[in-house]
There are 2 protein chains.
Amino acid sequence: MSAAIRSPQPSPPLTRSVEDYLKSVFHLTSQGGFATTSDIAEMLEVAPPSVSGMMKRLSETGLIEHVPYRGVQLTPQGRRAALQMIRRHRILESYLTSKLGFDWGDVHVEAERLEHAVSEKLIERMADALGEPRYDPHGAPIPTAAGEIEEAELVSLAAAEVGHTVVLQEVSDEHPARLRYLAEQGLRPGVQLTVIDRQPFNGPTTARLGDGTTRVVGQELALLLLCRPADGE
Amino acid sequence: MSAAIRSPQPSPPLTRSVEDYLKSVFHLTSQGGFATTSDIAEMLEVAPPSVSGMMKRLSETGLIEHVPYRGVQLTPQGRRAALQMIRRHRILESYLTSKLGFDWGDVHVEAERLEHAVSEKLIERMADALGEPRYDPHGAPIPTAAGEIEEAELVSLAAAEVGHTVVLQEVSDEHPARLRYLAEQGLRPGVQLTVIDRQPFNGPTTARLGDGTTRVVGQELALLLLCRPADGE
DNA sequence: ACAGGGCATTAGGTTAGCCTAATTATCAGA
DNA sequence: TCTGATAATTAGGCTAACCTAATGCCCTGT
Ligand SMILES: [Mn+2]
Ligand SMILES: [Mn+2]
Ligand SMILES: [Mn+2]
Ligand SMILES: [Mn+2]
């Protein structure tokens with residue numbers, strides 16, 4: 001027998017854990033640079049040695065590039081897989097919210113489990129039923145089925161200049177209680193905000209809504225409200 | 001410290017494997033009696049020793065009763081868990097069929113994965129959106145949220161007496177191709193069938209449909225078509 | 001140049017869930 | 001009653017994912 005060229009192994013499906021690690025690395029490297037062991041560990045709520053072990057396996061399977069003691073980055077293959085998971089997650093959140101009456105605070109947890117169990121076909125049926133949405137309920141862009149994702153440079157409300165008018169674009173989707181509070185305050189993606197004051201020493205930002213009412217937002221929360229310049233600016 | 005009474009351990013959530021084993025035991029004991037190791041192994045496509053090992057664990061956690069070398073039965077707790085999984089499975093199949101345009105041949109595989117990832121809340125939202133359906137797309141009864149399931153004594157088309165009229169009630173949901181064939185033939189749950197002939201030596205059954213057309217069904221398939229007497233009989 | 005602190009990795013161990021091979025129990029037929 | 005076939009269990013091993021404790025690397029400040 002001559003040494004046959006091994007054709008690209010029919011790679012086994014990724015496990016739930018692997019899928020979540022890839023998503024973490026994607027999110028932690030979205031501004032460029034490396035994802036560190038401890039950041040991944042914190043995000044996934046596992047111990048650092050668990051991450052080291054997984055990183056070794058993932059680099060052996062070609063999903064990430066690991067520079068020891070530096071951190072990791074996704075390979076093109078890893079990035080494709082991560083974007084597919086993010087598409088699943090965000091389509092699920094959208095579907096649960098629009099079609100099944102879920103609160104936008106509750107969908108993240110549900111999607112975090114379902115994203116590993118749905119087929120490609122089911123996701124595309126949901127996307128179709130929704131009219132191919134481009135943003136999830138929290139304003140995050142949904143990657144296309146082909147693996148493209150919109151990248152916008154957003155500025156947090158905590159950093160928006162006083163006097164400027166911005167549009168709230170995206171909100172972190174992790175904390176149900178925080179999301180419910182924001183909804184009560186009318187702080188949903190798409191709302192227009194004019195920054196009318198900011199107190200010093202990391203103090204609160206005051207903003208006026210379209211209806212003339214105002215909101216005072218502490219810095220911790222304001223940092224999580226990602227905005228883009230209003231159209232007419 | 002006095003020996004405190006250990007309050008009922010906050011039992012960890014069941015794993016995917018455990019849930020599937022419980023469902024198998026339920027199905028295999030639905031006619032009474034014990035589920036055997038080899039039947040479970042065949043149904044789940046695992047080796048018999050895997051079943052023996054799992055049966056030991058499940059009887060330690062009180063989900064099944066194991067009589068060595070005889071087989072297993074569900075405890076009330078195991079039965080509750082199994083029925084919950086069957087409800088999830090069948091609601092999912094119904095939802096995918098009615099709301100997302102899935103073919104009735106494809107939904108089983110999809111539900112087999114999703115049943116382990118959906119929350120109680122999601123299932124109840126789906127059930128609500130469907131109007132609390134009582135049967136899944138294959139005619140199988142859906143357990144209630146409280147854990148009640150309808151039990152009907154059905155007779156297979158292969159056993160229905162010649163001359164009698166029956167209503168097709170339920171069809172095995174496991175084989176996509178078979179289900180597509182049945183749909184083509186108009187053999188869906190609810191259809192009325194008059195048995196007009198049966199050939200000897202396990203030969204085919206001939207039945208007339210409501211529209212006067214006839215179908216010839218081999219015994220293997222006829223055994224899987226479960227019927228009840230027509231209303232007016 | 002080097003001492004620490006902090007982070008990452010290695011070492012070693014656990015549990016769930018599977019496997020194959022070896023052993024043992026059960027039951028039917030001679 | 002014995003004997004063989006069949007089915008079940010035990011023995012022993014593997015991989016994925018986690019953990020804690022021990023060790024090693026790297027950088028920064030003196
Ligand atoms: Mn997840
Ligand atoms: Mn989201
Ligand atoms: Mn099914
Ligand atoms: Mn299943």
Side-chain angles (χ1 to χ4, degrees), chain A residues 9-25 28-29 33-74 78 81-82 85 112-113 115-117, chain B residues 9-25 28-29 33-74 78 81-82 85 112-113 115-117:
Chain A
Q9 303 277 77
S11 55
L14 305 180
T15 65
R16 189 201 151 128
S17 276
V18 167
E19 289 173 340
D20 281 336
Y21 275 99
L22 293 175
K23 279 203 310 175
S24 287
V25 175
L28 290 168
T29 55
F34 290 87
T36 68
T37 298
S38 37
D39 284 350
I40 298 167
E42 189 189 347
M43 184 168 284
L44 293 176
E45 300 183 87
V46 297
S50 303
V51 177
S52 284
M54 182 63 92
M55 292 307 107
K56 184 174 339 172
R57 282 205 292 130
L58 294 186
S59 57
E60 278 161 8
T61 45
L63 291 160
I64 63 170
E65 198 68 52
H66 184 196
V67 182
Y69 292 97
R70 274 285 124 65
V72 298
Q73 285 183 318
L74 295 172
M85 292 313 296
E112 200 55 58
R113 271 178 291 106
E115 63 190 3
H116 311 287
Chain B
Q9 304 277 75
S11 54
L14 304 180
T15 65
R16 190 201 151 128
S17 275
V18 167
E19 289 173 341
D20 281 336
Y21 274 98
L22 293 176
K23 279 203 311 176
S24 286
V25 175
L28 291 168
T29 55
F34 290 87
T36 68
T37 297
S38 36
D39 284 351
I40 298 167
E42 190 190 346
M43 185 169 284
L44 293 175
E45 300 184 87
V46 297
S50 304
V51 177
S52 285
M54 182 63 92
M55 292 306 109
K56 182 166 351 165
R57 282 204 292 129
L58 294 186
S59 56
E60 277 161 10
T61 45
L63 291 161
I64 63 169
E65 198 69 52
H66 185 197
V67 182
Y69 291 97
R70 276 283 124 63
V72 298
Q73 286 182 317
L74 295 173
M85 293 312 297
E112 199 56 58
R113 272 178 290 105
E115 63 191 3
H116 311 287

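Labels below follow one simple rule: chain letters A, B, ... track the order of the sequence lines, proteins then strands, and each chain is numbered from 1.
- The shortest distance between the side-chain N/O atoms of B:Y69 and the OP1/OP2 oxygens of C:dT23 is not below 4.0 Å.
- Nucleic acid contact for B:S38: sugar-phosphate only, since backbone atoms but no base atoms lie under 4.0 Å from a heavy atom of the residue.
- Of the candidate nucleotides D:dT10, D:dA8, C:dT9, C:dT9 has the atom lying nearest to any side-chain atom of A:H66.
- Side-chain proximity of B:T36 to C:dT20, D:dA8, D:dT20: nearest is D:dA8.
- Atom CG of A:L58 is separated from atom C1' of D:dA16 by 12 Å (rounded to the nearest Å).
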- Task: Could you check A:L22 against A:I64 for side-chain contact (heavy atoms from CB on, under 4.5 Å), going step by step and ending with a plain yes or no?
- Result: CA-CA 8 Å; A:L22 293 175; A:I64 63 170; 4.1 Å; yes
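- The shortest distance between the side-chain N/O atoms of B:Y21 and the OP1/OP2 oxygens of C:dA16 is not below 4.0 Å.
- Atom C1' of nucleotide C:dA16 and atom CD of B:E60 are separated by 13 Å, given to the nearest angstrom.
- Distance A:I40 CD1 to C:dT9 C1': 14 Å, rounded to the nearest Å.
- In the set C:dA8, C:dC19, D:dC19, C:dC19 carries the atom at the smallest distance from any side-chain atom of B:A47.
- Taking CZ of A:F34 as the start and CZ of A:R70 as the end, the distance is 8.0 Å to the nearest 0.5 Å.
- Atoms CD1 and CE, on A:I40 and A:M54 in that order, are 10.5 Å from each other to the nearest 0.5 Å.
- Counting to the nearest Å, the C1' atom of C:dA16 and the CG atom of B:D20 are 15 Å from each other.
- Between B:K23 and B:E112, at least one side-chain nitrogen of the basic residue sits less than 4.0 Å from a carboxylate oxygen of the acidic one, meeting the salt-bridge criterion.
- Residues B:V25 and B:L63 have side chains not in contact (no heavy-atom distance under 4.5 Å, counting atoms from C-beta outward).
- Looking at B:H116 and B:D20, their side chains come closer than 4.5 Å, going by heavy atoms from C-beta outward.
- Candidate nucleotides C:dA8, C:dC19, D:dT9 were compared by shortest atom distance to the side chain of A:T37, and C:dA8 ranks first.
- Per the geometry, CE belonging to B:M54 stands 17 Å off C1' belonging to D:dT10, to the nearest Å.
- Straight-line distance from the CZ atom of B:F34 to the P atom of D:dA7: 18 Å, rounded to whole Å.
- Positionally, the nearest nucleotide of DNA chain D for B:S52 lies more toward the 5' end than for the other of A:V18 and B:S52.
- Rounded to an integer number of Å, the gap from B:E45 CD to C:dC19 P is 10 Å.
- Out of D:dC18, D:dC19, C:dA8, the shortest distance to the side chain of A:P49 is found at D:dC19.
- Comparing atom distances between the A:P48 side chain and each of C:dC19, D:dT10, C:dT9 picks out C:dT9 as nearest.
- Between the P atom of D:dA16 and the CD atom of A:E19 lies a distance of 15 Å, rounded to the nearest Å.
- Across all strands, B:S50 comes closer than 4.0 Å to base atoms (heavy-atom distances).
- Listed nucleotides D:dT9, D:dA16, D:dG24 differ in distance to A:T15; the shortest reach to its side chain belongs to D:dA16.
- Proximity of B:R70 to the phosphate of D:dT9: no side-chain N or O atom is located under 4.0 Å from OP1 or OP2.
- Using a 4.0 Å heavy-atom criterion, one finds that A:R16 contacts no nucleic acid atom at all.
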